[in-house]
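I have placed the structure first, in the form of structure tokens, so that the comments after it can refer back to it.
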There are 2 protein chains.
Amino acid sequence: MKQIKMNSANDNALFVADDVALKQFMGYHLKRATNIVMSDLATTLAPYELRMLTYTALVLIVDNPGIRQFQLAVAMDIERPNLVIIIDELEQRELILREKVPTDRRAYAMHPTLAGKQLYKKATKAVNTHDKKMFKHVSKTDQKFLIATLQKLIDQY
Amino acid sequence: MKQIKMNSANDNALFVADDVALKQFMGYHLKRATNIVMSDLATTLAPYELRMLTYTALVLIVDNPGIRQFQLAVAMDIERPNLVIIIDELEQRELILREKVPTDRRAYAMHPTLAGKQLYKKATKAVNTHDKKMFKHVSKTDQKFLIATLQKLIDQY
DNA sequence: TATTGTTATACTCTATAACTATA
DNA sequence: TATAGTTATAGAGTATAACAATA
């Protein structure tokens with residue numbers, strides 16, 4: 001949301017769209033900030049042909065080799081069916097491999113390929129730069145406080 | 001995202017899905033927290049047959065009677081075409097009215113109906129309760145700090 | 001020429017039901 | 001019976017191009 005200028009009755013004066021009712025909500029500020037960050041993240045990941053979800057999945061597979069699809073779905077807090085096409089995409093691009101689990105033939109263990117690990121590194125460097133840019137006006141101390149505050153909310157659920 | 005328990009080689013031990021690479025990003029925490037808040041907001045608004053976007057539009061029309069569609073689109077930071085169906089919905093439910101602007105016959109000025117103002121009041125009460133619940137573990141002081149911090153980011157863009 | 005509102009369209013994210021093959 | 005992965009499908013949010021009416 002943006003505060004916008006509206007022509008008012010008198011010529012030179014500017015009237016700003018009143019969002020005072022929304023500004024009382026923490027969630028409003030949170031959503032606005034997140035929209036901005038997510039939009040810039042998308043731009044950041046585009047050159048690597050990754051979106052937030054494919055990047056997140058790639059990171060979690062690289063850092064948790066052998067992870068099963070249902071575990072990844074829980075970790076990413078998305079439904080199993082929605083994970084399928086994400087994994088399909090990473091597999092088709094040969095960034096990860098699905099391997100049959102001998103002890104449970106229903107399941108697949110996912111592993112990164114060399115290309116997957118290399119893309120992870122490059123993309124993560126870019127995401128790091130993006131994240132620093134977004135929060136460049138927030139001190140390290142304040143960032144830690146922000147994380148702690150958000151974590152309190154997250155831990156409730 | 002959730003930290004999840006994974007069976008490890010030894011029976012009783014639990015292995016938590018490693019999201020340390022993602023946790024380094026402010027955006028990760030921001031997105032997780034926002035997902036939780038937006039999900040609860042949707043549940044909160046459902047009894048009023050409102051979604052975040054229809055509620056936001058209703059609030060801005062009530063608080064800015066006579067606002068034009070393009071102005072509302074700017075305020076909500078969405079594209080004009082996407083606003084059309086939101087306004088259609090509010091108009092069909094007779095919560096708002098589109099009125100031709102005599103001085104610019106291309107434009108519509110939007111006004112809330114009595115029903116719109118009444119629904120605004122009821123829904124806002126519910127959203128207030130929701131917002132308080134979400135941030136009940138965060139002190140008022142910390143909430144103000146959080147808003148100020150997010151505002152720094154928002155003001156950049 | 002530019003702007004307001006609209007239509008059409010496409011992509012992404014999300015959610016649920018139901019299937020298959022295994023356990 | 002229950003679980004892992006899949007298919008099909010639908011709702012919702014988002015973005016762009018192009019049009020009619022009007023400025």
For this session: On DNA chain C, check which nucleotide each of A/K100 and A/R80 is closest to and give me the residue with the more 5' one.
Result: A/R80
Exercise. Is any side-chain nitrogen or oxygen of A/R68 closer than 4.0 Å to OP1 or OP2 of D/dA4?
Worked result: no
For this session: Would you give the length of the straight line joining atom CE of A/M110 to atom CG of A/L95, rounded to the nearest 0.5 angstrom?
Result: 13.0 Å
Exercise. Of the nucleotides D/dG13, D/dA4, C/dG5, which one has an atom closest to the side chain of A/R106?
Worked result: D/dA4
For this session: Return the value, rounded to whole Å, for the distance between atom CG of A/L41 and atom P of C/dT12.
Result: 15 Å
Problem set entry | Length of the CD-C1' vector between A/E79 and D/dA10, whole Å | 14 Å
For this session: Please determine, by modelled atom types, if B/Y157 and A/D40 share a side-chain donor-acceptor pair under 3.5 angstrom.
Result: no
Exercise. Atom CD of B/E49 and atom P of D/dG11: how far apart are they, to the nearest Å?
Worked result: 15 Å
For this session: State whether a side-chain donor-acceptor pair under 3.5 Å links A/N128 with B/Q24.
Result: yes
Problem set entry | Whole angstrom value for the distance that separates C1' of C/dT12 from OH of A/Y55 | 20 Å
Exercise. Can a donor-acceptor pair under 3.5 Å be found between the side-chain atoms of A/R105 and the base atoms of C/dT22?
Worked result: no
Problem set entry | B/D104 CG - D/dA21 C1' separation (whole Å) | 11 Å
Seminar exercise, completed: Of D/dA15, C/dT16, C/dG5, the nucleotide closest to the side chain of B/Y108 is C/dG5
Problem set entry | From C/dT6, D/dA4, D/dT6, nucleotide with atom closest to A/P81 side chain | D/dT6
Exercise. Taking the nucleotide of DNA chain D with the closest heavy atom to each, which residue, B/P102 or A/A109, is nearer the 5' end?
Worked result: A/A109
Exercise. Rounded to the Å, how far apart are A/L50 CG and C/dT12 P?
Worked result: 13 Å
Exercise. Among the nucleotides D/dA12, D/dA4, C/dT4, which one has an atom lying closest to any side-chain atom of B/A107?
Worked result: C/dT4
Exercise. Does D/dA4 have OP1 or OP2 sitting under 4.0 Å from an N or O in the side chain of A/Q71?
Worked result: no
For this session: Measure distances between side-chain N and O atoms of A/N82 and base N and O atoms of C/dA15, and say whether any donor-acceptor pair falls under 3.5 Å.
Result: yes
Problem set entry | Whole-Å distance separating the CE atom of A/M110 from the P atom of D/dA4 | 13 Å
Exercise. CE of A/M38 versus C1' of C/dT12: gap in Å, rounded?
Worked result: 15 Å
Seminar exercise, completed: Contacts of A/Y120 meeting side chain to side chain donor-acceptor pair (under 3.5 Å) (sequence neighbours excluded), chain-then-number -> A/D63
Problem set entry | Residue B/R51, side-chain heavy atoms: nucleotide from C/dT14, D/dG13, D/dA23 that is nearest | D/dG13
For this session: Please figure out whether A/K31 or B/T103 has its closest DNA chain D nucleotide nearer the 5' end.
Result: A/K31
Exercise. Do side-chain atoms of A/Q156 reach the backbone of B/M134 as a donor and acceptor pair under 3.5 angstrom?
Worked result: yes
